[in-house]
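Report on one structure; see the data block that follows.
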Amino acid sequence: MIEAVGLTKRYGRTVAVDNLSFTVKPGRVTGFLGPNGAGKSTTMRMILGLDRPDAGRVLIDGRPYRELDRPLRTVGALLDAKWVHPNRSARAHLQWLAKSNALPARRVDEVLELVGLSGVAGRRAGGFSLGMAQRLGIAAALLGDPEILLFDEPVNGLDPEGILWIRQFMRRLAAEGRTVFVSSHLLSEMALTAEDLVVVGRGRLIAQCSTAEFVDNASESSVRVRSPQLDRLRTALLHKGFTVHTEPTAEGNALVVSAATSDQVGEIAAAQGVVLHELSPQRGSLEEAFMQLTSDSVQYRTDVSPVAGDGAAQNDRLVPAGK
Amino acid sequence: MSLLAVERIKLLSTRSPWWCALVALALTTGFAALVSATLSDASGLTVALTQTGSNFGLMVVMVMAALAITTEYRFGTIRSTFQAVPNRSLVLLTKTTVVALLAGVIGELAAFGSWGVAKLVQPASDLGLDSAAEWRQVAGTGLIYALAAVVAVAVGTLVRHSAGAITLVLIWSLLVEKMVMLIPKVGGDIYRWMPFNMAGHFQSSGLSSGGDGTNPAGDMPLGPWASLGYFAAFAAVVMTVALVVTHRRDV
(Lines give C-alpha, C1' and ligand atoms only; values in the text may rest on other atoms or scores of the structure.)
Protein backbone atom coordinates (compact mmCIF):
# COMPACT_ATOMS: atom_id res chain seq x y z
CA MET A 1 0.00 0.00 0.00
CA ILE A 2 1.46 3.31 -1.12
CA GLU A 3 -0.27 6.45 0.03
CA ALA A 4 0.63 9.91 -1.22
CA VAL A 5 -0.97 12.93 0.39
CA GLY A 6 -0.57 16.43 -1.02
CA LEU A 7 2.84 15.60 -2.46
CA THR A 8 4.56 18.69 -3.84
CA LYS A 9 8.04 19.17 -5.29
CA ARG A 10 9.48 22.35 -6.76
CA TYR A 11 12.70 22.85 -8.68
CA GLY A 12 13.30 26.57 -8.58
CA ARG A 13 10.22 28.10 -10.15
CA THR A 14 9.11 24.90 -11.85
CA VAL A 15 6.54 22.86 -9.96
CA ALA A 16 7.35 19.26 -10.87
CA VAL A 17 4.74 17.67 -8.61
CA ASP A 18 1.76 19.69 -7.47
CA ASN A 19 -0.37 18.63 -4.51
CA LEU A 20 -0.53 15.04 -5.71
CA SER A 21 -2.61 12.57 -3.70
CA PHE A 22 -3.22 8.96 -4.63
CA THR A 23 -3.19 5.44 -3.23
CA VAL A 24 -1.76 2.30 -4.77
CA LYS A 25 -3.62 -0.77 -3.58
CA PRO A 26 -2.00 -4.12 -2.92
CA GLY A 27 -2.43 -7.11 -5.17
CA ARG A 28 -2.69 -5.45 -8.55
CA VAL A 29 -0.78 -3.61 -11.23
CA THR A 30 -1.33 0.12 -11.00
CA GLY A 31 -0.18 2.20 -13.93
CA PHE A 32 1.32 5.62 -13.34
CA LEU A 33 0.49 7.42 -16.52
CA GLY A 34 1.49 10.77 -17.88
CA PRO A 35 3.53 12.40 -20.62
CA ASN A 36 7.27 12.95 -20.27
CA GLY A 37 7.94 15.61 -17.69
CA ALA A 38 4.66 15.08 -15.85
CA GLY A 39 6.50 14.39 -12.59
CA LYS A 40 6.37 10.60 -12.57
CA SER A 41 10.04 9.99 -11.87
CA THR A 42 10.16 12.73 -9.26
CA THR A 43 7.19 11.14 -7.52
CA MET A 44 8.89 7.73 -7.64
CA ARG A 45 12.04 9.21 -6.10
CA MET A 46 9.97 10.80 -3.34
CA ILE A 47 8.28 7.46 -2.64
CA LEU A 48 11.75 5.97 -2.15
CA GLY A 49 12.92 8.79 0.10
CA LEU A 50 15.58 9.89 -2.38
CA ASP A 51 14.03 13.30 -2.94
CA ARG A 52 12.49 15.34 -0.19
CA PRO A 53 8.98 16.65 -0.88
CA ASP A 54 8.48 20.40 -0.37
CA ALA A 55 5.03 19.62 1.02
CA GLY A 56 2.92 16.57 1.71
CA ARG A 57 4.13 13.07 2.40
CA VAL A 58 4.14 9.60 0.97
CA LEU A 59 3.83 6.52 3.12
CA ILE A 60 4.65 2.87 2.51
CA ASP A 61 2.33 0.70 4.61
CA GLY A 62 1.81 3.72 6.86
CA ARG A 63 5.46 4.64 7.29
CA PRO A 64 7.84 6.98 5.46
CA TYR A 65 10.38 5.06 3.35
CA ARG A 66 13.31 6.39 5.37
CA GLU A 67 11.92 4.74 8.49
CA LEU A 68 11.67 1.28 6.96
CA ASP A 69 13.97 -1.32 8.43
CA ARG A 70 15.79 -3.19 5.64
CA PRO A 71 13.63 -1.53 3.02
CA LEU A 72 14.55 -3.87 0.14
CA ARG A 73 12.46 -6.50 1.92
CA THR A 74 9.41 -4.26 1.64
CA VAL A 75 9.91 -2.25 -1.53
CA GLY A 76 11.80 -3.24 -4.65
CA ALA A 77 12.35 -0.59 -7.28
CA LEU A 78 13.80 -0.17 -10.71
CA LEU A 79 14.07 3.53 -11.42
CA ASP A 80 17.00 3.51 -13.84
CA ALA A 81 18.72 0.43 -15.21
CA LYS A 82 21.92 2.44 -15.65
CA TRP A 83 22.41 2.89 -11.89
CA VAL A 84 25.13 0.26 -11.90
CA HIS A 85 28.89 0.67 -11.77
CA PRO A 86 30.00 -0.31 -15.29
CA ASN A 87 33.14 -2.08 -14.08
CA ARG A 88 31.38 -4.13 -11.43
CA SER A 89 30.07 -7.57 -12.31
CA ALA A 90 26.35 -8.24 -12.22
CA ARG A 91 26.88 -10.66 -9.36
CA ALA A 92 28.96 -8.20 -7.32
CA HIS A 93 26.29 -5.55 -7.85
CA LEU A 94 23.64 -7.84 -6.41
CA GLN A 95 25.96 -9.09 -3.68
CA TRP A 96 26.44 -5.72 -2.04
CA LEU A 97 22.74 -5.00 -2.30
CA ALA A 98 21.89 -8.34 -0.68
CA LYS A 99 24.45 -7.78 2.05
CA SER A 100 23.04 -4.32 2.84
CA ASN A 101 19.68 -5.79 3.77
CA ALA A 102 21.01 -8.96 5.39
CA LEU A 103 19.68 -11.16 2.60
CA PRO A 104 21.28 -14.58 2.15
CA ALA A 105 23.93 -14.87 -0.57
CA ARG A 106 22.02 -17.62 -2.35
CA ARG A 107 19.25 -15.11 -3.04
CA VAL A 108 21.64 -13.45 -5.52
CA ASP A 109 21.82 -16.60 -7.63
CA GLU A 110 18.07 -17.11 -7.31
CA VAL A 111 17.19 -13.72 -8.78
CA LEU A 112 19.87 -14.03 -11.46
CA GLU A 113 18.23 -17.31 -12.47
CA LEU A 114 14.80 -15.68 -12.32
CA VAL A 115 15.67 -12.97 -14.84
CA GLY A 116 17.82 -15.26 -16.96
CA LEU A 117 21.20 -13.65 -16.28
CA SER A 118 22.93 -16.60 -14.62
CA GLY A 119 25.17 -17.13 -17.63
CA VAL A 120 26.56 -13.59 -17.61
CA ALA A 121 26.65 -12.99 -13.85
CA GLY A 122 30.42 -12.61 -13.82
CA ARG A 123 30.55 -10.12 -16.68
CA ARG A 124 30.93 -6.42 -16.08
CA ALA A 125 27.58 -4.69 -16.08
CA GLY A 126 28.88 -1.87 -18.28
CA GLY A 127 28.99 -4.25 -21.21
CA PHE A 128 25.33 -5.19 -20.89
CA SER A 129 22.77 -4.31 -23.53
CA LEU A 130 19.83 -2.21 -22.38
CA GLY A 131 17.65 -5.31 -22.18
CA MET A 132 20.19 -7.10 -20.00
CA ALA A 133 20.67 -4.03 -17.81
CA GLN A 134 16.91 -3.88 -17.39
CA ARG A 135 16.88 -7.52 -16.31
CA LEU A 136 19.65 -6.83 -13.83
CA GLY A 137 17.63 -3.91 -12.45
CA ILE A 138 14.62 -6.18 -12.04
CA ALA A 139 16.79 -8.79 -10.33
CA ALA A 140 17.89 -6.09 -7.88
CA ALA A 141 14.28 -5.06 -7.28
CA LEU A 142 13.27 -8.65 -6.55
CA LEU A 143 16.24 -9.35 -4.28
CA GLY A 144 14.38 -8.81 -1.02
CA ASP A 145 11.25 -10.63 -2.24
CA PRO A 146 9.28 -7.39 -1.61
CA GLU A 147 5.53 -7.01 -1.47
CA ILE A 148 5.68 -3.67 -3.28
CA LEU A 149 7.43 -3.10 -6.59
CA LEU A 150 8.06 0.18 -8.38
CA PHE A 151 9.14 0.36 -12.01
CA ASP A 152 9.87 3.62 -13.79
CA GLU A 153 9.37 3.37 -17.55
CA PRO A 154 10.52 -0.27 -17.63
CA VAL A 155 9.97 -0.83 -21.35
CA ASN A 156 11.63 2.39 -22.52
CA GLY A 157 14.09 1.66 -25.28
CA LEU A 158 13.60 -2.11 -25.24
CA ASP A 159 13.19 -4.26 -28.32
CA PRO A 160 9.87 -6.11 -28.81
CA GLU A 161 11.22 -9.26 -27.17
CA GLY A 162 12.31 -7.30 -24.09
CA ILE A 163 8.98 -5.48 -23.92
CA LEU A 164 7.06 -8.75 -24.07
CA TRP A 165 9.28 -10.23 -21.36
CA ILE A 166 8.79 -7.27 -18.99
CA ARG A 167 5.06 -7.22 -19.62
CA GLN A 168 4.68 -10.90 -18.78
CA PHE A 169 6.96 -10.53 -15.81
CA MET A 170 4.89 -7.73 -14.29
CA ARG A 171 1.68 -9.68 -14.76
CA ARG A 172 3.32 -12.62 -13.02
CA LEU A 173 4.39 -10.45 -10.09
CA ALA A 174 0.86 -9.12 -9.71
CA ALA A 175 -0.58 -12.63 -9.98
CA GLU A 176 1.62 -13.54 -7.02
CA GLY A 177 -0.34 -10.95 -5.05
CA ARG A 178 2.26 -8.17 -5.05
CA THR A 179 1.61 -4.47 -5.41
CA VAL A 180 3.08 -3.32 -8.70
CA PHE A 181 3.30 0.40 -9.47
CA VAL A 182 4.63 1.02 -12.94
CA SER A 183 5.03 4.34 -14.69
CA SER A 184 4.87 4.90 -18.40
CA HIS A 185 4.14 7.51 -21.01
CA LEU A 186 3.15 4.69 -23.35
CA LEU A 187 -0.57 4.56 -22.95
CA SER A 188 -1.06 1.43 -25.02
CA GLU A 189 1.46 -0.33 -22.79
CA MET A 190 -0.56 0.57 -19.70
CA ALA A 191 -3.75 -0.72 -21.30
CA LEU A 192 -2.07 -4.10 -21.61
CA THR A 193 -0.56 -4.35 -18.14
CA ALA A 194 -2.34 -2.11 -15.65
CA GLU A 195 -5.67 -2.73 -13.98
CA ASP A 196 -5.75 0.59 -12.18
CA LEU A 197 -4.43 3.93 -13.30
CA VAL A 198 -3.06 7.01 -11.61
CA VAL A 199 -3.00 9.62 -14.36
CA VAL A 200 -0.93 12.78 -14.01
CA GLY A 201 -0.28 15.79 -16.16
CA ARG A 202 2.05 18.66 -15.29
CA GLY A 203 2.51 17.21 -11.81
CA ARG A 204 -1.20 17.21 -11.00
CA LEU A 205 -3.53 14.28 -10.57
CA ILE A 206 -5.93 13.97 -13.46
CA ALA A 207 -7.61 10.71 -12.57
CA GLN A 208 -7.38 7.67 -10.39
CA CYS A 209 -9.60 4.83 -11.51
CA SER A 210 -9.54 1.47 -13.21
CA THR A 211 -8.14 1.31 -16.73
CA ALA A 212 -11.47 0.18 -18.17
CA GLU A 213 -13.32 2.98 -16.41
CA PHE A 214 -10.78 5.47 -17.66
CA VAL A 215 -11.31 4.49 -21.28
CA ASP A 216 -15.10 4.19 -20.94
CA ASN A 217 -15.58 7.51 -19.26
CA ALA A 218 -13.11 9.51 -21.14
CA SER A 219 -13.18 8.34 -24.71
CA GLU A 220 -16.13 9.10 -26.89
CA SER A 221 -17.61 5.90 -28.17
CA SER A 222 -18.79 5.78 -31.75
CA VAL A 223 -20.49 3.26 -34.00
CA ARG A 224 -19.67 2.35 -37.56
CA VAL A 225 -22.46 1.24 -39.91
CA ARG A 226 -22.49 0.12 -43.52
CA SER A 227 -25.73 -0.13 -45.47
CA PRO A 228 -26.92 -0.19 -49.10
CA GLN A 229 -29.38 2.54 -48.08
CA LEU A 230 -26.81 4.81 -46.50
CA ASP A 231 -28.50 8.09 -47.39
CA ARG A 232 -31.79 7.13 -45.75
CA LEU A 233 -29.96 6.04 -42.64
CA ARG A 234 -27.91 9.23 -42.50
CA THR A 235 -31.06 11.35 -42.75
CA ALA A 236 -32.73 9.37 -39.97
CA LEU A 237 -29.67 9.66 -37.71
CA LEU A 238 -29.30 13.40 -38.30
CA HIS A 239 -33.00 13.78 -37.60
CA LYS A 240 -32.44 12.14 -34.20
CA GLY A 241 -29.67 14.60 -33.46
CA PHE A 242 -26.61 12.41 -33.93
CA THR A 243 -23.36 13.65 -35.44
CA VAL A 244 -22.43 11.60 -38.46
CA HIS A 245 -19.55 11.53 -40.87
CA THR A 246 -18.80 9.38 -43.89
CA GLU A 247 -15.82 7.08 -43.93
CA PRO A 248 -14.67 5.38 -47.13
CA THR A 249 -13.87 1.68 -46.69
CA ALA A 250 -12.88 -1.17 -48.97
CA GLU A 251 -16.53 -2.31 -49.00
CA GLY A 252 -17.88 1.12 -49.95
CA ASN A 253 -18.72 4.09 -47.77
CA ALA A 254 -19.55 3.66 -44.10
CA LEU A 255 -21.06 6.04 -41.59
CA VAL A 256 -19.42 6.78 -38.27
CA VAL A 257 -21.92 7.93 -35.67
CA SER A 258 -20.36 9.83 -32.80
CA ALA A 259 -21.47 9.50 -29.19
CA ALA A 260 -23.83 6.68 -29.95
CA THR A 261 -24.21 3.04 -28.95
CA SER A 262 -24.78 0.18 -31.38
CA ASP A 263 -28.18 -0.38 -29.71
CA GLN A 264 -29.35 3.12 -30.59
CA VAL A 265 -28.15 2.96 -34.19
CA GLY A 266 -29.57 -0.54 -34.70
CA GLU A 267 -32.98 0.52 -33.41
CA ILE A 268 -33.10 3.57 -35.65
CA ALA A 269 -32.15 1.43 -38.65
CA ALA A 270 -34.88 -1.10 -37.84
CA ALA A 271 -37.49 1.65 -37.43
CA GLN A 272 -36.58 2.92 -40.91
CA GLY A 273 -36.45 -0.59 -42.38
CA VAL A 274 -32.87 -0.08 -43.46
CA VAL A 275 -30.69 -3.11 -44.23
CA LEU A 276 -27.38 -3.16 -42.35
CA HIS A 277 -24.20 -4.81 -43.60
CA GLU A 278 -22.16 -3.78 -40.62
CA LEU A 279 -22.89 -2.42 -37.18
CA SER A 280 -19.76 -2.16 -35.07
CA PRO A 281 -19.06 -0.19 -31.90
CA GLN A 282 -15.72 1.65 -32.07
CA ARG A 283 -13.82 1.56 -28.79
CA GLY A 284 -11.82 4.63 -28.03
CA SER A 285 -8.16 3.98 -27.42
CA LEU A 286 -6.34 4.95 -24.28
CA GLU A 287 -4.46 7.52 -26.32
CA GLU A 288 -7.67 9.21 -27.36
CA ALA A 289 -8.95 9.08 -23.80
CA PHE A 290 -5.75 10.57 -22.52
CA MET A 291 -5.64 13.37 -25.04
CA GLN A 292 -9.25 14.22 -24.41
CA LEU A 293 -8.88 14.25 -20.65
CA THR A 294 -5.70 16.16 -20.44
CA SER A 295 -6.77 18.77 -22.95
CA ASP A 296 -9.70 19.67 -20.76
CA SER A 297 -9.27 18.32 -17.28
CA VAL A 298 -11.92 20.60 -15.78
CA GLN A 299 -14.67 19.00 -17.77
CA TYR A 300 -13.47 15.56 -16.79
CA ARG A 301 -13.32 16.44 -13.13
CA THR A 302 -16.94 17.57 -13.03
CA ASP A 303 -18.24 14.75 -15.19
CA VAL A 304 -16.59 11.57 -14.09
CA SER A 305 -13.69 12.01 -11.77
CA PRO A 306 -13.94 11.66 -8.02
CA VAL A 307 -10.75 13.69 -7.79
CA ALA A 308 -10.96 16.67 -5.48
CA GLY A 309 -10.46 19.65 -7.75
CA ASP A 310 -8.52 22.62 -6.50
CA GLY A 311 -9.86 24.98 -9.13
CA ALA A 312 -6.35 25.86 -10.18
CA ALA A 313 -6.26 23.48 -13.09
CA GLN A 314 -8.39 25.46 -15.49
CA ASN A 315 -7.91 24.40 -19.08
CA ASP A 316 -4.66 22.60 -18.55
CA ARG A 317 -2.79 21.89 -21.69
CA LEU A 318 -0.35 19.08 -21.47
CA VAL A 319 2.82 20.84 -22.31
CA PRO A 320 5.61 18.72 -20.88
CA ALA A 321 7.01 20.72 -18.04
CA GLY A 322 10.77 20.82 -17.62
CA LYS A 323 12.44 18.87 -14.88
CA MET B 1 28.84 -4.96 10.50
CA SER B 2 27.14 -6.02 7.28
CA LEU B 3 27.40 -2.44 6.07
CA LEU B 4 31.18 -2.64 6.34
CA ALA B 5 31.01 -5.70 4.12
CA VAL B 6 28.78 -3.81 1.69
CA GLU B 7 31.27 -0.99 1.32
CA ARG B 8 34.17 -3.42 1.14
CA ILE B 9 32.48 -5.28 -1.74
CA LYS B 10 31.69 -2.00 -3.47
CA LEU B 11 35.21 -0.65 -3.12
CA LEU B 12 37.08 -3.77 -4.10
CA SER B 13 34.81 -5.00 -6.89
CA THR B 14 35.92 -2.15 -9.14
CA ARG B 15 39.34 -1.65 -10.61
CA SER B 16 40.24 1.91 -9.65
CA PRO B 17 41.15 1.24 -5.97
CA TRP B 18 43.48 -1.55 -7.02
CA TRP B 19 45.15 0.63 -9.61
CA CYS B 20 45.43 3.53 -7.18
CA ALA B 21 46.96 1.28 -4.53
CA LEU B 22 49.49 -0.10 -7.02
CA VAL B 23 50.40 3.34 -8.33
CA ALA B 24 50.77 4.71 -4.79
CA LEU B 25 53.08 1.85 -3.81
CA ALA B 26 55.08 2.07 -7.04
CA LEU B 27 55.56 5.83 -6.66
CA THR B 28 56.67 5.77 -3.03
CA THR B 29 58.98 2.78 -3.26
CA GLY B 30 60.23 3.95 -6.64
CA PHE B 31 61.26 7.30 -5.19
CA ALA B 32 62.93 5.57 -2.28
CA ALA B 33 64.93 3.39 -4.70
CA LEU B 34 65.82 6.40 -6.84
CA VAL B 35 66.95 8.56 -3.93
CA SER B 36 69.01 5.85 -2.28
CA ALA B 37 70.57 4.68 -5.56
CA THR B 38 71.74 8.15 -6.49
CA LEU B 39 73.49 8.66 -3.17
CA SER B 40 77.20 7.96 -3.50
CA ASP B 41 77.66 7.59 0.21
CA ALA B 42 75.52 5.18 2.24
CA SER B 43 75.93 7.26 5.39
CA GLY B 44 74.05 10.11 3.73
CA LEU B 45 70.85 8.06 3.59
CA THR B 46 68.44 8.89 6.40
CA VAL B 47 65.03 7.55 7.35
CA ALA B 48 63.49 10.83 6.25
CA LEU B 49 65.09 10.56 2.81
CA THR B 50 63.54 7.14 2.26
CA GLN B 51 60.12 8.75 2.60
CA THR B 52 60.66 11.30 -0.19
CA GLY B 53 57.86 9.85 -2.28
CA SER B 54 55.35 9.83 0.55
CA ASN B 55 53.47 12.88 -0.65
CA PHE B 56 53.04 11.45 -4.14
CA GLY B 57 51.48 8.36 -2.63
CA LEU B 58 49.25 10.61 -0.52
CA MET B 59 47.94 12.36 -3.64
CA VAL B 60 47.09 9.06 -5.31
CA VAL B 61 45.35 7.81 -2.17
CA MET B 62 43.27 10.97 -1.98
CA VAL B 63 42.28 10.48 -5.62
CA MET B 64 41.23 6.92 -4.78
CA ALA B 65 39.22 8.10 -1.77
CA ALA B 66 37.47 10.86 -3.69
CA LEU B 67 36.64 8.46 -6.54
CA ALA B 68 35.14 5.97 -4.08
CA ILE B 69 32.25 8.36 -3.52
CA THR B 70 32.14 10.46 -6.71
CA THR B 71 31.80 7.37 -8.92
CA GLU B 72 28.74 6.46 -6.87
CA TYR B 73 27.21 9.78 -7.86
CA ARG B 74 28.52 9.47 -11.42
CA PHE B 75 26.91 6.06 -11.99
CA GLY B 76 23.83 6.52 -9.80
CA THR B 77 24.73 3.69 -7.43
CA ILE B 78 24.45 6.18 -4.56
CA ARG B 79 20.69 6.10 -5.19
CA SER B 80 20.59 2.31 -5.04
CA THR B 81 22.65 2.57 -1.86
CA PHE B 82 20.35 5.07 -0.15
CA GLN B 83 17.39 3.03 -1.35
CA ALA B 84 18.84 -0.06 0.33
CA VAL B 85 20.01 1.83 3.43
CA PRO B 86 18.07 5.07 3.95
CA ASN B 87 20.29 6.11 6.87
CA ARG B 88 22.64 8.20 4.76
CA SER B 89 24.97 9.23 7.54
CA LEU B 90 25.52 5.61 8.47
CA VAL B 91 26.26 4.75 4.83
CA LEU B 92 28.77 7.58 4.44
CA LEU B 93 30.49 6.91 7.76
CA THR B 94 30.83 3.24 6.91
CA LYS B 95 32.19 4.02 3.48
CA THR B 96 34.63 6.51 4.99
CA THR B 97 35.77 3.91 7.49
CA VAL B 98 36.44 1.31 4.81
CA VAL B 99 38.22 3.77 2.52
CA ALA B 100 40.28 5.17 5.42
CA LEU B 101 41.28 1.67 6.50
CA LEU B 102 42.44 0.82 3.00
CA ALA B 103 44.28 4.14 2.78
CA GLY B 104 45.95 3.40 6.11
CA VAL B 105 47.09 -0.02 4.92
CA ILE B 106 48.44 1.49 1.70
CA GLY B 107 50.24 4.12 3.79
CA GLU B 108 51.94 1.54 6.01
CA LEU B 109 52.89 -0.62 3.02
CA ALA B 110 54.24 2.41 1.19
CA ALA B 111 56.23 3.72 4.15
CA PHE B 112 57.76 0.44 5.27
CA GLY B 113 58.14 -0.62 1.64
CA SER B 114 60.12 2.52 0.85
CA TRP B 115 62.23 2.07 3.96
CA GLY B 116 62.90 -1.57 3.04
CA VAL B 117 63.72 -0.79 -0.58
CA ALA B 118 66.20 1.87 0.52
CA LYS B 119 67.86 -0.56 2.86
CA LEU B 120 68.13 -3.11 0.04
CA VAL B 121 69.71 -0.56 -2.31
CA GLN B 122 72.13 0.76 0.32
CA PRO B 123 72.71 -2.16 2.74
CA ALA B 124 75.47 -0.27 4.51
CA SER B 125 73.22 2.62 5.53
CA ASP B 126 72.01 3.20 9.07
CA LEU B 127 68.23 3.18 8.77
CA GLY B 128 67.33 2.00 12.28
CA LEU B 129 64.15 3.53 13.66
CA ASP B 130 65.84 4.86 16.76
CA SER B 131 63.76 7.86 17.71
CA ALA B 132 60.11 8.68 18.17
CA ALA B 133 60.46 11.12 15.29
CA GLU B 134 61.69 8.40 12.97
CA TRP B 135 58.84 6.13 13.99
CA ARG B 136 56.34 8.92 13.27
CA GLN B 137 58.06 9.52 9.96
CA VAL B 138 57.54 5.93 8.81
CA ALA B 139 54.70 4.36 10.77
CA GLY B 140 52.78 7.64 10.93
CA THR B 141 52.25 7.56 7.15
CA GLY B 142 49.27 5.25 7.50
CA LEU B 143 47.57 7.67 9.92
CA ILE B 144 48.09 10.60 7.58
CA TYR B 145 46.87 8.65 4.54
CA ALA B 146 43.78 7.49 6.44
CA LEU B 147 42.85 10.98 7.65
CA ALA B 148 43.55 12.51 4.23
CA ALA B 149 41.24 9.84 2.77
CA VAL B 150 38.51 11.02 5.16
CA VAL B 151 38.97 14.58 3.87
CA ALA B 152 38.88 13.37 0.26
CA VAL B 153 35.71 11.29 0.78
CA ALA B 154 34.04 14.28 2.47
CA VAL B 155 35.03 16.64 -0.34
CA GLY B 156 33.92 14.06 -2.92
CA THR B 157 30.56 13.79 -1.15
CA LEU B 158 30.12 17.55 -1.21
CA VAL B 159 31.30 18.15 -4.79
CA ARG B 160 29.88 14.90 -6.27
CA HIS B 161 31.92 15.20 -9.48
CA SER B 162 35.17 13.27 -9.85
CA ALA B 163 37.12 15.93 -11.70
CA GLY B 164 35.97 18.73 -9.41
CA ALA B 165 36.63 16.83 -6.20
CA ILE B 166 40.06 15.59 -7.27
CA THR B 167 41.10 19.02 -8.49
CA LEU B 168 39.98 20.57 -5.24
CA VAL B 169 41.82 18.21 -2.89
CA LEU B 170 45.00 18.19 -4.97
CA ILE B 171 45.15 21.93 -5.65
CA TRP B 172 44.39 22.60 -2.00
CA SER B 173 47.02 20.34 -0.52
CA LEU B 174 49.71 20.98 -3.14
CA LEU B 175 49.24 24.63 -3.94
CA VAL B 176 46.75 26.67 -1.99
CA GLU B 177 48.22 26.02 1.45
CA LYS B 178 51.69 27.12 0.40
CA MET B 179 50.41 30.09 -1.59
CA VAL B 180 48.82 31.41 1.57
CA MET B 181 52.34 32.35 2.65
CA LEU B 182 52.38 34.95 -0.11
CA ILE B 183 49.83 37.00 1.79
CA PRO B 184 51.75 39.88 3.40
CA LYS B 185 52.27 39.86 7.17
CA VAL B 186 49.69 37.24 8.19
CA GLY B 187 50.43 34.67 5.48
CA GLY B 188 52.98 32.78 7.54
CA ASP B 189 50.71 32.67 10.58
CA ILE B 190 47.81 31.33 8.53
CA TYR B 191 50.03 28.78 6.86
CA ARG B 192 51.12 27.40 10.22
CA TRP B 193 47.47 26.47 10.87
CA MET B 194 46.80 24.91 7.48
CA PRO B 195 45.63 21.28 7.86
CA PHE B 196 48.01 19.55 5.46
CA ASN B 197 50.92 21.56 6.79
CA MET B 198 49.94 20.34 10.25
CA ALA B 199 49.84 16.77 8.94
CA GLY B 200 53.35 17.22 7.53
CA HIS B 201 54.53 18.63 10.83
CA PHE B 202 53.34 15.51 12.65
CA GLN B 203 55.72 13.44 10.55
CA SER B 204 58.67 15.75 10.10
CA SER B 205 59.02 17.55 13.43
CA GLY B 206 62.03 16.63 15.54
CA LEU B 207 63.94 15.00 12.71
CA SER B 208 67.60 15.91 13.10
CA SER B 209 68.78 15.53 9.57
CA GLY B 210 67.55 15.26 6.04
CA GLY B 211 63.89 16.04 6.66
CA ASP B 212 62.54 19.53 6.82
CA GLY B 213 62.55 19.69 10.59
CA THR B 214 62.31 23.41 10.20
CA ASN B 215 58.97 24.40 8.78
CA PRO B 216 59.06 27.01 6.01
CA ALA B 217 56.63 29.04 8.07
CA GLY B 218 58.86 29.03 11.11
CA ASP B 219 58.03 27.46 14.47
CA MET B 220 54.88 25.41 14.42
CA PRO B 221 52.31 26.25 17.09
CA LEU B 222 51.60 22.63 18.10
CA GLY B 223 53.63 19.54 18.93
CA PRO B 224 53.57 16.54 16.59
CA TRP B 225 50.67 14.67 18.20
CA ALA B 226 48.62 17.82 18.71
CA SER B 227 49.24 18.57 15.02
CA LEU B 228 47.87 15.17 14.13
CA GLY B 229 44.88 15.86 16.36
CA TYR B 230 44.37 19.17 14.57
CA PHE B 231 44.43 17.40 11.19
CA ALA B 232 41.97 14.79 12.48
CA ALA B 233 39.67 17.53 13.76
CA PHE B 234 39.83 19.21 10.36
CA ALA B 235 38.84 15.92 8.69
CA ALA B 236 35.99 15.50 11.18
CA VAL B 237 34.66 18.99 10.49
CA VAL B 238 34.67 18.52 6.70
CA MET B 239 33.05 15.11 7.16
CA THR B 240 30.34 16.55 9.42
CA VAL B 241 29.50 19.19 6.82
CA ALA B 242 29.29 16.46 4.19
CA LEU B 243 26.96 14.38 6.39
CA VAL B 244 24.63 17.29 7.11
CA VAL B 245 24.48 18.35 3.46
CA THR B 246 23.88 14.80 2.25
CA HIS B 247 21.13 14.24 4.78
CA ARG B 248 19.23 17.24 3.45
CA ARG B 249 20.01 16.96 -0.24
CA ASP B 250 18.09 15.16 -2.98
CA VAL B 251 20.09 12.50 -4.75
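Letters go in sequence order (proteins before strands), and every chain restarts at 1. These figures come from a predicted structure and were not determined experimentally. Any value given below was found using the heavy atoms of this structure, including those in side chains, with hydrogens, waters and symmetry copies removed.
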Hey, which residues of residues 234-251 of chain B are touching chain A, say heavy atoms under 4.5 Å apart?
His247(B), Arg248(B), Arg249(B), Asp250(B), Val251(B)
Under 4.5 Å from any heavy atom of chain B - which part of Ala77(A)
both
Can you tell me how far CD of Gln95(A) sits from CD1 of Ile9(B), rounded to the nearest 0.5 angstrom?
5.5 Å
Pick one of side chain, backbone, both or neither for Arg124(A), based on which atoms fall under 4.5 Å of a heavy atom in chain B.
side chain
Which distance, rounded to the nearest 0.5 Å, do you find between the CG of Leu12(B) and the CZ of Arg88(A)?
10.0 Å
Leu3(B) CG to Lys99(A) NZ distance, which is reported to the nearest 0.5 Å:
11.0 Å
When rounded to the nearest 0.5 Å, the distance separating NZ of Lys10(B) from NE2 of His93(A) is 10.0 Å
Calculate, to the nearest 0.5 Å, the distance between atoms CD and CH2 belonging to Glu7(B) and Trp96(A) respectively.
8.0 Å
Can you tell me which portion of Asp80(A) sits under 4.5 Å from chain B's heavy atoms? Options are side chain, backbone, both or neither.
neither
Working to the nearest 0.5 angstrom, can you tell me the gap between Gln83(B) CD and Leu97(A) CG?
8.0 Å
Region of Thr81(B) in contact with chain A, defined by heavy-atom distances below 4.5 Å
both
Of the backbone (N, CA, C, O) and the side chain (C-beta and beyond), which part of Ala102(A) lies under 4.5 Å from a heavy atom of chain B, both, or neither?
neither
